[in-house]
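What follows is a short report on a single structure.
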2 protein chains.
Amino acid sequence: MTQPGLRERKKAATRAALSRAAWTMLLADGLESVTPESVSAAADMAPRTFRYHFRNREEAILDELAQQHLALADRIRERPPAEPIWDSLLAVLPPEVVRICGDRAVFATLLRVIGDDPAMLAQNLTVLEHSRISLARVIAERAGGQHPGTYPNLLAGVAVTAISTAVTHWALDTTGTDLAAVLHDCLQKIREGLS
Amino acid sequence: MTQPGLRERKKAATRAALSRAAWTMLLADGLESVTPESVSAAADMAPRTFRYHFRNREEAILDELAQQHLALADRIRERPPAEPIWDSLLAVLPPEVVRICGDRAVFATLLRVIGDDPAMLAQNLTVLEHSRISLARVIAERAGGQHPGTYPNLLAGVAVTAISTAVTHWALDTTGTDLAAVLHDCLQKIREGLS
DNA sequence: CCGTTTGTTGCCAAATTTGCAAGATTGCCG
DNA sequence: CGGCAATCTTGCAAATTTGGCAACAAACGG
């Protein structure tokens, strides 16, 4: 719980301000309206600052989402070390993913944008991949070197697949299904075998 | 087996020529040397033609790989319609992935480049995602509407995860493991449950 | 209080991307 | 065969994006 220092907090604050401005503009006026110039103007900063923090608009839009994905691994680490990894995943992922995704209609809009724009898709996949890597690390830690082979990468990969699949299904389904239940079901299916 | 027509074949030929030139230059001189100008020069074409076919160098480098990934779904379709989908996956994916990946040292070089360059990583993830989508479609076809929910996406996702995990393990492992065996093992583990 | 590190910003040159149109090649139909 | 339509290839040039550099400001560590 050590404070990261004022400097880092300020940097994170500007990043968050830019990312939120980008996110807000995306929902309000569509992807075309999101540019380094417009976003930095909305956040009351210089365009050069935008490019100091982000490579492009897609990275800015998904930056907060990316950080929350990376925090999933930390939530797993907070679980009892002796707990089986599958129990940790089933306990952490459903509620956390529900919290991250927020409102269904808003998230559906995001997914539609991602589906329509190749650059947005690529950035979203990058976010998921980094999430996968961080999850693989914590799984390997938990296993304690018991599985030096493909197990951590395999398990982290299928977990991310479950998240992505469940979220997509939930967002595009109009019958109002419960995201936590869908994700829990996906994870459980994989755990017990998909035959 | 209908001929695509001379026009499409010529277009595909130029694409392949550009992609192979990009691939060759990557292995010979590294990613920095691969530019639209250098690649089109090596393929004896105009730089503008490169941009007509590809958005950037990363797309060109991985284009052939992407097409072979998309062909995986067709190989699945050629299996007996009554065959359980898991048997089809176990029969098709290991040998086909071995064929696609080719030489281990060469593929290890590619993976290292992908790991070092964010744009290459994003393009590789895009390739895998399109592969996942095409696999999900054929799985849904085979299921014949029996599983209207998350099953096709989930199964296609874990299959791609298995491929990616197995290939990475094989490429970075110096003990000379058999790729087909590793992939078969990954798929089998998922099929029977990862508990 | 001072030296060092680092985030913010403006400026501007270099590199990249894109729209447009002309020429060449192919597909199609009478 | 003849010719119209579609589209691949290419050059050119404008528009946009990217990236380096340096100055200023703020925070860190004595």
Side-chain angles (χ1 to χ4, degrees), chain A residues 1-22 25-26 29-64 67 116-123 126, chain B residues 1-22 25-26 29-64 67 116-123 126:
Chain A
M1 292 303 186
T2 60
Q3 287 285 19
L6 178 57
R7 186 174 250 160
E8 293 184 44
R9 271 182 289 141
K10 272 196 159 183
K11 183 176 181 178
T14 62
R15 272 182 78 96
L18 287 169
S19 182
R20 291 194 186 194
M25 295 187 67
L26 174 71
D29 302 326
L31 184 59
E32 316 75 40
S33 70
V34 183
T35 67
E37 290 72 27
S38 64
V39 171
S40 51
D44 202 40
M45 293 173 180
R48 190 67 181 81
T49 303
F50 182 97
R51 308 200 85 69
Y52 176 80
H53 285 278
F54 306 110
R55 176 162 295 274
N56 48 42
R57 62 182 181 188
E58 290 82 14
E59 191 175 326
I61 290 171
L62 295 179
D63 184 64
E64 281 209 298
Q67 295 192 22
D116 288 339
D117 187 88
M120 281 293 295
L121 173 61
Q123 187 61 36
T126 301
Chain B
M1 291 303 181
T2 58
Q3 287 285 18
L6 178 57
R7 184 173 248 158
E8 293 184 43
R9 271 182 288 141
K10 274 196 160 184
K11 182 175 181 179
T14 63
R15 273 181 77 97
L18 287 168
S19 181
R20 290 194 184 200
M25 296 188 64
L26 174 71
D29 303 326
L31 184 59
E32 318 74 40
S33 71
V34 183
T35 67
E37 289 72 26
S38 63
V39 171
S40 51
D44 201 41
M45 293 174 179
R48 189 67 181 83
T49 302
F50 182 97
R51 300 205 160 284
Y52 176 80
H53 287 278
F54 306 110
R55 176 162 296 275
N56 47 43
R57 63 182 180 185
E58 290 81 16
E59 191 175 327
I61 291 170
L62 296 179
D63 185 62
E64 281 209 298
Q67 295 191 22
D116 289 339
D117 187 89
M120 280 294 294
L121 173 61
Q123 187 61 37
T126 301

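The sequence lines fix the lettering, A, B, ..., with proteins before strands; numbering per chain opens at 1.
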Examine [N]: is either OP1 or OP2 under 4.0 Å from a nitrogen or oxygen in the side chain of [X]? Give yes or no.
X: B:Thr14; N: D:dC8; result: no
X: B:His53; N: D:dT9; result: yes
X: A:Arg9; N: D:dA27; result: no
X: B:Tyr52; N: D:dT9; result: no

Derivation of the side-chain contact (heavy atoms from CB on, under 4.5 Å) call for A:Ile61 and A:Leu31: CA-CA 10 Å; A:Ile61 290 171; A:Leu31 184 59; 3.7 Å; yes
Reported OG1-to-CG distance for the pair B:Thr14 and B:Leu18, which is rounded to 0.5 angstrom: 6.0 Å
Straight-line distance of A:Lys11 NZ to A:Leu6 CG, nearest 0.5 Å: 14.0 Å
[N] [atom2] sits how many Å from [X] [atom1], rounded?
X: B:Glu37; N: D:dG11; atom1: CD; atom2: P; result: 12 Å
X: B:Phe50; N: C:dT18; atom1: CZ; atom2: P; result: 13 Å
X: B:Met45; N: C:dA24; atom1: CE; atom2: P; result: 18 Å
X: B:Arg15; N: D:dT7; atom1: CZ; atom2: P; result: 16 Å
X: B:Glu59; N: C:dT17; atom1: CD; atom2: P; result: 11 Å
X: B:Arg7; N: D:dA5; atom1: CZ; atom2: P; result: 14 Å
X: B:Leu18; N: D:dC8; atom1: CG; atom2: P; result: 14 Å

First of B:Arg48 and B:Glu8 reached from the 5' end of DNA chain C, by closest nucleotide: B:Arg48
5'-most by nearest nucleotide on DNA chain C - B:Lys10 or B:Pro36: B:Pro36
Considering all heavy atoms, the nearest A:Ala17-A:Ala43 contact: O-CB, 4.2 Å
A:Arg15, CZ: over 12 other non-hydrogen atoms inside 6.0 angstrom: yes
Pairwise 5' ranking along DNA chain D for B:Pro47 and B:Lys11, keeping only the more 5' one: B:Lys11
base_contact_polar (C:dT18 base, B:Arg51 side chain, donor-acceptor, <3.5 Å): no
